[in-house]
Amino acid sequence: MIRRPAFMCDIRGSAAVEFALIAPIMLMTIYGMFDIGHAQYTRALLEGTVEKASRSATIEGAKTSVIDARVSAAIRQIAPGALITFKRTALADFSDLGLPEDFDDINKDGTCNDNEPFEDANGNNSYDLDRGKIGNGAARDVILYQVDVSYKRILPIGRLLGQSNTMTMNAATVLRNQPFGVQNYVEWKNCP
């Protein structure tokens, strides 16, 4: 009968060795799940807060600075130090979203040039590829409300996996202003 050496029969400390092998993978998995959960919660809070804020902003006399401050406060409760930017774009109708200003393509080259007339939908005296006007608009205008958020991750697990340590997300909603006045009309001008 062949006898094994004593160190092969002794199982004392095997649990510590097994834990040392498994612990890093287990901790990375737990931290990763926490990081993903925090990001999803932040995204859900951002989208819900933006929806609520946009409904408040469509009412006549709404103070957009107060509404933006509420959104910021809600986000900073779970993402302290977050960089938050706001953008409002007013359009005449829902179908105008993402469209360029109309122009008469007299020379048929597909671009607005050579003094061709164009509809100055946003009132900035130049032809634009987005007909939206920056701001909260007027009565019955459609408002695209966008909020961008950037913050440092709570756990540095992303860097271990080759990701950025900064989490960036955005939310947007489109609503029509309440009919509290008369809608502005657009002017036609000439291309440069």
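Side chains included, hydrogens not; waters and symmetry mates left out as well; all remaining heavy atoms used.
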*Asks:* To the closest 0.5 Å, what do you measure between CD1 (I106) and CG (D104)?
*Replies:* 6.0 Å
*Asks:* Are V71 and F86 close enough, and set up right, to give a side-chain contact (heavy atoms from CB on, under 4.5 Å), and what steps lead you there?
*Replies:* CA-CA 10 Å; V71 172; F86 301 91; 3.8 Å; yes
*Asks:* Taking only residues two or more places apart in sequence or in another chain, which ones pass side-chain hydrogen bond (donor to acceptor under 3.5 Å, both in side chains) with T168?
*Replies:* none
*Asks:* Please confirm whether the backbone N or O of R131 pairs with a side-chain atom of E101, one donor and one acceptor, at under 3.5 Å?
*Replies:* no
*Asks:* Between D141 and K133, does at least one N-O distance fall below 4.0 Å, as a salt bridge requires?
*Replies:* no
*Asks:* Under 3.5 Å, side chain of N124 to main-chain N/O of S126, donor-acceptor pair present?
*Replies:* yes
*Asks:* Main chain of G132, side chain of D130: is a donor-acceptor contact present, judged purely on distance under 3.5 Å?
*Replies:* yes
*Asks:* side-chain contact (heavy atoms from CB on, under 4.5 Å) for I143 and T58? Distances and angles first, verdict last.
*Replies:* CA-CA 8 Å; I143 306 302; T58 62; 5.5 Å; no
*Asks:* Quick test of your reading: applying ring pair (Phe, Tyr, Trp, His ring centres under 6.0 Å), list the pairs with at least one residue in residues 93-115, sequence neighbours left out, ordered by first then second residue.
*Replies:* F103-Y127
*Asks:* Give, for atom CD1 of I75 and atom CE of M169, the distance between the pair rounded to the nearest 0.5 Å.
*Replies:* 8.0 Å
*Asks:* For the pair D120 (side chain) and N125 (backbone), establish whether a donor and an acceptor sit closer than 3.5 Å, ignoring hydrogens and angles.
*Replies:* yes
*Asks:* Does the side chain of N177 come under 3.5 Å of the side chain of N136 through a donor N or O and an acceptor N or O?
*Replies:* no
*Asks:* Tell me whether T111 contacts the main-chain N or O of N113 through its side chain, where contact means a donor paired with an acceptor under 3.5 Å.
*Replies:* no
*Asks:* Please list all pairs meeting side-chain hydrogen bond (donor to acceptor under 3.5 Å, both in side chains) that have one or both residues in residues 66-92, counting only residues at least two apart or in different chains.
*Replies:* D68-R88, D68-Y145
*Asks:* If you link I, L, V, M, F, W and Y whenever their side-chain heavy atoms are under 4.5 Å apart, who else ends up in the same group as L175?
*Replies:* none
*Asks:* Output the distance between atom CG (L91) and atom CZ (R176), rounded to the nearest 0.5 Å.
*Replies:* 10.0 Å
*Asks:* Any side-chain to backbone donor/acceptor pair from D105 onto G110? Under 3.5 Å, distance only.
*Replies:* yes
*Asks:* Look only at the side chain of E51 and the backbone of G48, and say whether a donor-acceptor pair between them is shorter than 3.5 Å.
*Replies:* no
*Asks:* Using the salt bridge (charged side-chain N to carboxylate O under 4.0 Å, His left out) criterion, which residues pair with D35? Sequence neighbours excluded.
*Replies:* R153
*Asks:* Pairs in or reaching into residues 27-78: which pass ring pair (Phe, Tyr, Trp, His ring centres under 6.0 Å), with residues at least two apart or in two chains?
*Replies:* H38-Y151
*Asks:* If you round to the nearest 0.5 Å, how far is CD1 of I154 from CD1 of I78?
*Replies:* 8.0 Å
*Asks:* Going by the side-chain contact (heavy atoms from CB on, under 4.5 Å) test, name the single residue among T49, N170, I84 that passes it with V147.
*Replies:* I84
*Asks:* Would you indicate whether the side-chain heavy atoms of T42 and M167 approach each other to under 4.5 Å?
*Replies:* no
